[in-house]
> 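First, the structure itself, so that you have it in front of you.
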Amino acid sequence: MTPVTTHPNPTFAQLGVRDEIVRALAENGIEHAFAIQELTLPLALAGDDLIGQARTGMGKTFAFGVPLLHRITTDTERPLTGIPRALVVVPTRELCIQVYEDLVHASKYLMADDTRKLTVTAIYGGRPYEPQIEALQKGVDVVVGTPGRLLDLAQQGHLQLGGLNVLVLDEADEMLDLGFLPDIERILKQIPAKRQAMLFSATMPDPIITLARTFMTQPTHIRAEGVQGSATHDTTEQFAYRAHALDKVEMVARILQAEGRGATMIFTRTKRTAQKVADELGERGFRVGAVHGDLGQSAREKALKGFRNGDVDVLVATDVAARGIDIDDITHVINFQIPEDEQAYVHRIGRTGRAGKTGIAVTLVDWDELPRWSMIDKALGLDTPDPAETYSNSPHLYDELNIPTEAGGSIGKPARSADKPKREPREPRAERPARDRTRRRTRGGQSVSGHPEGTPDAADTSSSEASDSDSAGDGAPRPARRRRRRRPNKASTAGTAAGTSAGTN
DNA sequence: AAAAAAT
């Protein structure tokens, strides 16, 4: 069981973070450090290499962002010159934007010298070169970027990597995976050998850690509470259902009618399917957006922005949006197609249940997906009921999905859909007050008010030597949002109790 | 075999 701590986590001020940063964080409602942040700060400030692991939505961005900003502005031997001193590499463009914005907020009051503000810039593809090049020419202290554009601008001579003091790989296991590894190696070649490297992710497979150690200096592996287990949250209720591919959209439509449903993310395995599902749900009247790699960059950003601000309440995406994206009030994650591996599953459902909130994850498993699903289920110890057992040829199979709703019932009934016209005029925008519809960032996974979750006491810190090594529409009834949440009491809870023991990697 | 990431 989770140890009960009577003391709240320490504040950033208590942890010795400089006042400019403390003030900026406070303006965003952040005062207390999450476990991963508290554990990371002393080592990160000392310049140590480290691998930071904490569950999704538990504040990894500021775990590297805060010490990074503190350190490069406090090093009197190396004043900031406008040549990049810190580089954060991320796997997707949208995550790049998000991390960039977090760092901009946190650095609001920081000066590079007596006359110049500290500058952060985002370098990513799908957008014109000129503004990014101009920003670099004006002088930049911190760069956040995706690999392709970073290398491109480095090769063109616009991005100077020789002055880097700090390198961060966010979603590090993804960055060191086959698809990205060559790019990362190219970047590593261009940065000074004597630098601090910090790697963060909720998931860190052993082979990746072994690989990481080849370019790190005696890294400390910091694992915040919880990640030793399944790395999924016990605040997120998980379900798996057997589904015919052809029925999946109908099942999703019913899930989307769950009472108390807030924002919902639907993940697919392919770009085509993502678009198709988005289109079909749109036809059914849901306010839906799509994010995948076949869309133009502005369409991707527009969809995500609409989802953030509440104009859209269903977002269909490929795994491009599986990692890092931090949006408040995502109550449901639906795996329309099962993910590639357990890491992808962990990150997908990690879009809900963030910062101690509750969430519901539903995975729809087609016949040909059963073997892979059972592998994921086993690898994570989810112990969901075998979806095969829910198999039936009955057309009424999905009448009861058995997913608890806020009202205490189950969803799955067609809910008047039979006599309902496929499409109704949408309610005017003004119908709900804008503020009520606005979905906020959770600010790096940190609750905007109250104490963050996490008990540092339960954290397992191990040094590199000691333990070796080890982140609606109207066609359907409008869901009631923001009701008081009732804890679902049936079906399978994932994960081990977030705590000390049972820590088999 | 898929997605992502430079054009």
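Numbers restart at 1 for each chain; the letters A, B, ... are given by sequence-line order, proteins then strands.
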> Is the shortest distance from a Lys or Arg side-chain nitrogen in D311(A) or K302(A) to a carboxylate oxygen in the other one below 4.0 Å?
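Salt bridge absent between D311(A) and K302(A).
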> For R323(A) and dA5(B), is the shortest distance between a side-chain N/O and OP1 or OP2 below 4.0 Å?
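False: R323(A) side-chain N/O out of range (4.0 Å or more) of dA5(B) OP1/OP2.
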> Please determine whether the number of non-hydrogen atoms from other residues, nucleotides or ligands lying under 6.0 Å from atom CD of Q297(A) exceeds 12.
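Yes, because the 6.0 Å sphere around CD of Q297(A) holds more than 12 heavy atoms from other groups.
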> OP1, OP2 of dA6(B) versus side-chain N and O of T146(A): anything below 4.0 Å?
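Checking T146(A) against dA6(B): at least one side-chain N or O falls below 4.0 Å of OP1 or OP2.
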> In whole Å, I'd like the distance from the CZ atom of R372(A) to the C1' atom of dA2(B).
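In whole Å, dA2(B) C1' and R372(A) CZ are 9 Å from each other.
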> So does R127(A) get a side-chain nitrogen or oxygen closer than 4.0 Å to the phosphate oxygens (OP1/OP2) of dA6(B)?
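For R127(A), the contact criterion (side-chain N or O under 4.0 Å from OP1 or OP2 of dA6(B)) is not met.
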> Please check this pair: side chain of T214(A) against backbone of T210(A), looking for a donor-acceptor N/O pair closer than 3.5 Å.
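Pair absent, no side-chain N/O of T214(A) close to backbone of T210(A).
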> Take atom CD of E130(A) and atom P of dT7(B), then tell me their distance rounded to the nearest Å.
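In whole Å, dT7(B) P lies 12 Å from E130(A) CD.
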> Taking 4.0 Å as the cut-off, does a side-chain nitrogen or oxygen of T318(A) come that near to OP1 or OP2 on dA2(B)?
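Result: no.
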> Let's see if you can work this out: which of dA1(B), dA5(B), dA3(B) has an atom nearest to the side-chain heavy atoms of E340(A)?
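For the E340(A) side chain, the nearest candidate turns out to be dA1(B).
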> Which part of the nucleic acid, if any, lies within reach of D152(A) when heavy atoms closer than 4.0 Å are counted: base, sugar-phosphate only, or nothing?
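Result for D152(A) = base.
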> Tell me which nucleotide among dA4(B), dT7(B), dA1(B) gets nearest to the side chain of R149(A).
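So the side chain of R149(A) is nearest to dT7(B).
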> Find the distance L181(A):CG to dA4(B):C1' and express it as a whole number of Å.
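Computing the L181(A):CG to dA4(B):C1' distance gives 14 Å.
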> With heavy atoms under 4.0 Å as the rule, sort G125(A) into base, sugar-phosphate or nothing.
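Contact class for G125(A): sugar-phosphate only.
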> Starting at CG of D326(A), measure out to OG1 of T61(A) and round the result to the nearest 0.5 Å.
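Separation between the atoms: 7.5 Å.
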> Counting any heavy atom closer than 4.0 Å, what does Y129(A) reach on the DNA or RNA strands: base, sugar-phosphate only, or nothing?
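Sugar-phosphate, backbone atoms only, no base.
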> Rounding to a whole Å, what distance do you find between H347(A):NE2 and dA4(B):P?
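Value for this atom pair: 16 Å.
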> Give a yes-or-no answer on whether the side chains of Q156(A) and D152(A) include a donor-acceptor pair shorter than 3.5 Å.
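A pair is found: one side chain offers a donor N or O, the other an acceptor, under 3.5 Å apart.
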> Using whole Å, what does the distance between atom C1' of nucleotide dA4(B) and atom CZ of R272(A) come to?
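Between C1' of dA4(B) and CZ of R272(A): 19 Å.
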> Send over the distance from Q343(A) CD to dA3(B) P, rounded to a whole Å.
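So the two atoms are 19 Å apart, to the nearest Å.
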> Whole-Å distance between dA6(B) C1' and R186(A) CZ?
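It works out to 11 Å between those atoms.
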> Over how many whole Å does the gap from L150(A) atom CG to dA4(B) atom C1' extend?
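It works out to 14 Å between those atoms.
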